[in-house]
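Note sheet for the following structure.
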Amino acid sequence: MDEQPRLMHSHTGVGMAGHPGLPQHMQEGTGGTDGDGRKQDIGDILQQIMTITDQSLDEAQARKHALNCHRMKPALFNVLCEIKEKTVLSIRGAQEEEPPDPQLMRLDNMLLAEGVSGPEKGGGSAAAAAAAAASGGAGADNSAEHSDYRAKLSQIRQIYHTELEKYEQACNEFTTHVMNLLREQSRTRPISPKEIERMVSIIHRKFSSIQMQLKQSTCEAVMILRSRFLDARRKRRNFNKQATEILNEYFYSHLSNPYPSEEAKEELAKKCAITVAQVSNWFGNKRIRYKKNIGKFQEEANMYAARTAVNAANASSHGSQANSPSTPNSAGSPCTRSMPITR
DNA sequence: TAATATGATTTATG
DNA sequence: CATAAATCATATTA
């Protein structure tokens, strides 16, 4: 930039022989060397660096080649390997042996059980079927709720699988890369196959820890989904009329002892298309609520009493006392079935 | 929309 | 563990 003027100056200065010295000095001291020279230096350095790099690379390559071709090389290499083998073994003794991580196993099991990591469609439907069974088999109306659950589950599964695949692929890529590198290096420095193996296992461990994180988060997601599903399941659905009638029938015809045996519960459950647990719930609720307010249930009690009475009369045209249900008005105390009631 | 009914869950008890 | 009792959360009704 400002070299040009100075050069011009210098030219003029040189040309003017009558004034030597000052301009000349200025030119050399400041102008020329300062600008031109520095640039030159940088250029030189750069050049040097470049050439050095090139040279060293070439040199290294050459040396490597020379080394590989050296007649002493195999022997030397063997010695190195031997030494290394010993040291490595001593090191190796300390660590090693990885037990299968129980945490990971747990995650795997859960994912498998949840149908996330299992077979594609089979797992999902199996899980759905299990869920349906768990929900009490209260009818076909809960399939709508399940579809939501299933959709989200399959979404999770898809994400999980793609991520897993991605990790797997990255792991394989990286492993092969490292192995190639090591194989290449093993020509100039002693690297035993065991070492490579160890390296690979280290890589795998690293990647599996990442996978574990994925599994963890997937499990979390499934748990959340599941809890929400359970919450949804908690949405109460009244039993159908028939079921309540059957239950009430039993209740009021056993009012003196409204505690169905396990067998009776099973039968009731079957008849009402609900679970035994639901039958238990129902009786638990019924008992406490009946006891709490007998008056409120009076009407109902009479109704069922009448009905069962009619049934009994119809069934057995026996002349003697039909076993009419116990009276509601004496619910707390144990009243015999033979106790006749009217109304 | 408040009140009530009702199935499920939680807590307490023997 | 079965049940009682209290409580929750929703469904149904008025």
Side-chain angles (χ1 to χ4, degrees), chain A residues 110 113-115 126-153 219-308 311 323 325-337 339 341 343:
Chain A
M110 180 186 161
E114 223 54 54
S135 90
D141 66 324
N142 47 16
S143 60
E145 293 170 30
H146 289 164
S147 73
D148 195 35
Y149 175 79
R150 217 152 48 181
K152 288 196 170 138
L153 188 66
C219 271
E220 234 165 78
V222 170
M223 290 290 259
I224 288 167
L225 177 65
R226 207 163 166 70
S227 79
R228 240 187 255 154
F229 173 72
L230 286 174
D231 279 355
R233 202 163 57 105
R234 192 192 171 109
K235 270 188 186 163
R236 193 170 54 73
R237 234 159 252 265
N238 291 356
F239 299 152
N240 59 42
K241 205 92 179 159
Q242 209 169 351
T244 41
E245 268 186 34
I246 291 166
L247 292 167
N248 272 316
E249 211 168 288
Y250 187 98
F251 180 78
Y252 287 110
S253 63
H254 298 74
L255 200 53
S256 61
N257 184 35
Y259 297 88
S261 65
E262 198 60 29
E263 263 185 348
K265 278 183 193 171
E266 275 167 30
E267 194 173 327
L268 284 169
K270 203 166 128 189
K271 275 205 273 190
C272 299
I274 59 179
T275 65
V276 173
Q278 283 177 303
V279 173
S280 295
N281 282 341
W282 191 92
F283 272 89
N285 283 321
K286 192 73 185 182
R287 278 191 301 259
I288 192 70
R289 282 163 186 166
Y290 181 84
K291 197 176 90 177
K292 242 178 170 170
N293 190 351
I294 295 170
K296 199 166 63 182
F297 291 91
Q298 188 75 263
E299 207 178 328
E300 189 178 67
N302 290 334
M303 196 185 97
Y304 280 101
R307 186 178 307 187
T308 49
N311 282 351
N323 53 346
S326 22
T327 332
N329 58 20
S330 60
S333 58
C335 65
T336 344
R337 296 160 88 197
M339 196 154 172
I341 40 108
R343 231 200 95 76

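A straight line from CZ of A/Phe283 to C1' of C/dA2 spans 15 Å, rounded to a whole angstrom. Atom P of nucleotide B/dT6 and atom OH of A/Tyr290 are separated by 15 Å, given to the nearest angstrom. With rounding to whole Å, A/Glu262 atom CD is found 13 Å from C/dC1 atom P. One atom, NZ of A/Lys241, and another, C1' of B/dG7, lie 16 Å apart when rounded to the nearest Å. Here C/dT12 presents its C1' atom at 16 Å from CG of A/Asn240, a figure rounded to the nearest Å. Rounded to a whole Å, the CG atom of A/Asn293 is 12 Å from the P atom of B/dT6.
When the side-chain nitrogen and oxygen atoms of A/Tyr259 are compared with OP1 and OP2 of C/dA4, one or more of them lie within a distance under 4.0 Å. Contact between the side-chain N/O atoms of A/Gln278 and the OP1/OP2 oxygens of B/dG7 is not found at any separation under 4.0 Å. Contact check, A/Arg237 against C/dT10: no side-chain N or O comes under 4.0 Å of OP1 or OP2.
The side-chain heavy atoms of A/Phe297 and A/Tyr304, taken from C-beta on, include no pair separated by under 4.5 Å.
Contact detail for A/Leu268 and A/Pro260: the closest heavy-atom pair is CD1-CB, 4.4 Å. Taking all atoms of both residues into account, the shortest heavy-atom contact from A/Lys265 to A/Ser280 is NZ-OG, 3.1 Å. Between A/Cys272 and A/Leu247 the shortest heavy-atom distance is SG-CG, 3.9 Å. Counting all heavy atoms, side chain and backbone alike, A/Phe239 lies closest to A/Ala243 at CB-CB, 4.0 Å.
Remark: A/Glu245 engages A/Arg307 in a salt bridge (charged side-chain N to carboxylate O under 4.0 Å, His left out) (not counting sequence neighbours).
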Return the polar atom pairs (N/O with N/O) between nucleotides 5-7 of chain C and the protein under 3.5 Å, or none.
unit_1, atom_1, unit_2, atom_2, d
C/dA5, OP1, A/Lys291, NZ, 3.1
C/dA5, OP2, A/Lys291, NZ, 2.5
C/dT7, O4, A/Arg289, NH2, 3.4

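Among the protein residues, A/Lys286 comes within range of no part of the nucleic acid, since none of its heavy atoms lies under 4.0 Å from any strand. Residue-level contact check: A/Asn238 touches the backbone only, with heavy atoms under 4.0 Å from sugar-phosphate atoms and none from bases. Nucleic acid contact for A/Phe239: sugar-phosphate only, since backbone atoms but no base atoms lie under 4.0 Å from a heavy atom of the residue.
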Could you pull out every donor-acceptor pair under 3.5 Å between side chains of residues 281-289 of chain A and any protein atom, sequence neighbours left out?
unit_1, atom_1, unit_2, atom_2, d
A/Asn285, ND2, A/Asn281, O, 3.3
A/Lys286, NZ, A/Asn248, OD1, 3.1
A/Lys286, NZ, A/Glu300, OE1, 2.7
A/Arg287, NH1, A/Pro258, O, 2.8

